[in-house]
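Residue numbers run from 1 in the order of the sequence given. Note: hydrogens, waters and symmetry copies are ignored here, and every other heavy atom, side chains too, is used.
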Amino acid sequence: MTLTPPRLAAPAENRAVPRRIWSMAFTELWERFSFYGLQGILSFYLLYSLDKGGLDLGPAASSGIVGAYGGAVYLAQLVGAWVGDRLVSPKYVVLWGGIVITCGHIALAAVSGLAGLGVGLVLIILGTGALKTNITSIVGFMLDGHTDAKRDAGFSYFYMAINVGAVIGPLSTGFAQSQWGFHYGFGLAAVGMFAALVQYGFSMKRLPERAGKVNNPLPARQLLAPAGYAVTTLAVIAVCSLSGLLSAGNMSSIVTIAALVAAAGYFALILSSARVTGDEKRRVSAYLPLFLLSGVYFGFLFQKFTAISILITDRVDLGVGAWTFPVAWITAVSPLSAVLITPLIARLWSRLGERQPKPVAKFAIGLIQIGLAYFYLLVVSTATGNATIPLLLILLFMALAGSSEVYVGPIGLALATKIGPSRFKAQMVGLNFLTLALGSSLSGLLGQLFAALPSAAYFTIVAVSSVVLGGTLLLARKPLNQRLDAGLQAE
């Protein structure tokens, strides 16, 4: 697939904007290759029986671990955003984050059982926390000073590169897993992360000047407090793990609570700061409902790694003649559909210009579409009864649900970099990624709920909730959009 931006009518200095982000986009593509390559097979590694190379942990425990892992990855990005803002320049935080991620994938590939799982996932959480927010901030630096249409188009193509990695990652690791076993799939994810490091190394000299600076350096005399917080947090986690207070069954709940507390703290900090203007506070307060609904949206989307993985394991026929369809390829359809639709949607936004739907309406469309996808799955699961579900019907669900992401993910990224207060730009990007933390941990809780409820009742709850929330957001779009634009029209 050739990732070529569309030709947009704009002044000469604006026409080059999409091309400037390709180096970061391809770095992120390979990082997402490794991340989603792992995530595409992780839930099945936990669910499958020992004779199939899995750990046989059961549906509830597997959903709890997968949800907590995904949530912790994005929760760690708040720490990464703070480090890139106060301690080390974003350019080098991204580099060291990539190195730690690579080590995590190698641990998963080389060490069997729960030991390799624990060490590998912890390293990937820490490394991704450092890399993800800061590379997005660098893209924001590249798009500073350009029109809203340019920013949305630029972030849409950056997001498309993310989804390309999310497609080819599980396609590759899924094939390796089906042919040779899970640890070969984990090893291939490590190769993808190494490719990301090579790509980034070639790009470092061409990054914006701001990427090499610490925006808000922390005075040396204040370093002791955050170091103490870090040591205390690690000690608490270790004690809870050894004592049994932290288990696979409650991990997702703990991460969800942690994400909500962190989000509440960030919102309180920004909205109470004397360094934030009245207009900036109005914009941030309007972002709050979008933040919460984005978390719910990603909770529904990320069920492909929890509830839908359980459904696939229990009820989907993977046989295609004499060939067995690699199970990880099913989840790859979700980002693939987003990749295929992104150029069409990005071109539409660019052509519509000021006539395109505002951000709140785009969020609402995404929620409604994924709700309709779950209504479709409700019909499929009910019509088939207790029989196996044909593979094609599940692939169609993945396409319907996955393509809705184009209305939420890239728009949220663009919005966070646009409306953030001048003194809290990096924190706003980190706050936006907390929607993914909430979504991931929520998907773990939903997976556990799916394991306890009849599938028809469960899919009804998810579908109705999503459509109702999207419809409510659509009705409230005008006042929310006005507050999101507060003070920006005059700038």
Side-chain angles (χ1 to χ4, degrees), residues 36 39-40 43 59 63-64 66-71 73-74 159 163 166 252-253 255-256 259-260 289-312 330-338 341 360 362-381 394-412 432-453 455-474:
Y36 283 106
Q39 201 158 25
S43 57
S63 292
V66 172
Y69 159 67
V73 161
Y74 294 108
Y159 212 81
N163 277 322
S252 287
S253 297
V255 173
T256 300
L260 287 171
L290 296 181
F291 170 86
L292 293 173
L293 289 176
S294 293
V296 173
Y297 168 83
F298 282 113
F300 294 157
L301 180 67
F302 291 160
Q303 286 183 94
K304 60 189 175 185
F305 300 121
T306 57
I308 306 304
S309 291
I310 297 170
L311 181 71
I312 292 168
I330 300 177
T331 58
V333 172
S334 175
L336 175 61
S337 64
I341 200 174
V360 177
K362 293 175 182 177
F363 275 66
I365 293 169
L367 275 166
I368 292 171
Q369 180 175 326
I370 200 169
L372 295 176
Y374 275 98
F375 270 120
Y376 161 80
L377 191 57
L378 169 64
V379 172
V380 169
S381 63
I394 291 297
L395 295 178
L396 181 56
F397 163 76
M398 287 292 186
L400 290 171
S403 58
S404 68
E405 190 177 1
V406 72
Y407 299 106
V408 180
I411 307 307
N432 180 70
F433 279 114
L434 266 182
T435 63
L436 300 174
L438 284 173
S440 294
S441 57
L442 177 60
S443 74
L445 296 176
L446 290 172
Q448 292 172 330
L449 182 63
F450 175 77
L453 288 179
S455 59
Y458 177 80
F459 291 136
T460 299
I461 293 170
V462 173
V464 171
S465 299
S466 189
V467 171
V468 169
L469 290 173
T472 302
L473 190 58
L474 201 59

query = What are the two closest heavy atoms between Ala373 and Leu400, and how far apart are they?
reply = CB-CB, 3.8 Å
inquiry  = Checking Phe291 now: which residues fulfil ring-ring contact (aromatic ring centres under 6.0 Å, His included) with it, not counting sequence neighbours?
reply    = Phe267
inquiry  = Does Leu377 form a side chain to side chain contact (heavy atoms under 4.5 Å, CB included) with Val462? I'd like the steps, not just the answer.
reply    = CA-CA 11 Å; Leu377 191 57; Val462 173; over 6 Å; no
ask   = If you look at every heavy atom in Ile370 and Ala401, which pair is closest and at what distance?
value = CG1-CB, 4.1 Å
request  = Return the orientation label for the Phe397 and Tyr376 ring planes: parallel under 30°, perpendicular over 60°, tilted otherwise.
outcome  = parallel
request  = Could you pull out all residues at least two apart from Gln39 that satisfy side-chain hydrogen bond (donor to acceptor under 3.5 Å, both in side chains)?
outcome  = none
message = Any heavy-atom pair between the side chains of Met398 and Ile308 that's under 4.5 Å?
response = yes
query = Quick one: CG on Leu301 to CG on Leu442, what's the gap to the nearest 0.5 Å?
reply = 11.5 Å
request  = Considering non-hydrogen atoms only, spot the tightest contact between Ala259 and Leu434 and give its length.
outcome  = O-CD1, 4.0 Å
note = Applied to residues 436-446, the side chain to side chain donor-acceptor pair (under 3.5 Å) test, sequence neighbours excluded, yields Thr256-Ser441
task = State which residues pass side-chain hydrogen bond (donor to acceptor under 3.5 Å, both in side chains) with Ser294; sequence neighbours excluded, sorted by chain then number.
result = none
message = Quick check against the 3.5 Å criterion: does Thr435 have a side-chain atom that pairs as donor or acceptor with the backbone of Asn432?
response = yes
ask   = Taking atom CD of Glu405 and atom OG of Ser337, what is their separation to the nearest 0.5 Å?
value = 8.5 Å
task = Please name the pair of heavy atoms, one in Ser466 and one in Phe300, separated by the smallest distance, quoted to 0.1 Å.
result = CB-CE1, 3.6 Å
ask   = Between Gly402 and Ala338, what is the shortest heavy-atom contact and its length?
value = O-CB, 3.6 Å
request  = With the side chain counted from C-beta on, respond yes when Phe302 and Leu436 share a heavy-atom pair under 4.5 Å apart, and no when they do not.
outcome  = yes
key: Euclidean distance, Phe450 CZ relative to Ser309 OG, rounded to 0.5 Å   = 10.5 Å
ask   = Hey, does Tyr374 have a side-chain heavy atom less than 4.5 Å from the side chain of Val464?
value = no
query = Shortest non-hydrogen contact from Phe363 to Leu290?
reply = CE2-O, 4.1 Å
request  = Report the distance from atom NZ of Lys304 to atom CD1 of Ile330, rounding to the nearest 0.5 Å.
outcome  = 13.0 Å
query = Can you tell if the side chain of Leu311 reaches within under 4.5 Å of the side chain of Ile394, non-hydrogen atoms only?
reply = yes
message = Using 0.5 Å steps for rounding, measure from the CD1 atom of Ile368 to the CG atom of Leu474.
response = 5.5 Å
task = Any chance you could measure Leu292, atom CG, to Leu260, atom CG, to the nearest 0.5 Å?
result = 7.5 Å
task = Would you please name every residue forming a side-chain hydrogen bond (donor to acceptor under 3.5 Å, both in side chains) with Ser404, sequence neighbours left out?
result = Tyr297
message = Suppose we screen for side-chain hydrogen bond (donor to acceptor under 3.5 Å, both in side chains). Which residues come up paired with Tyr74, at least two apart in sequence or across chains?
response = Arg32
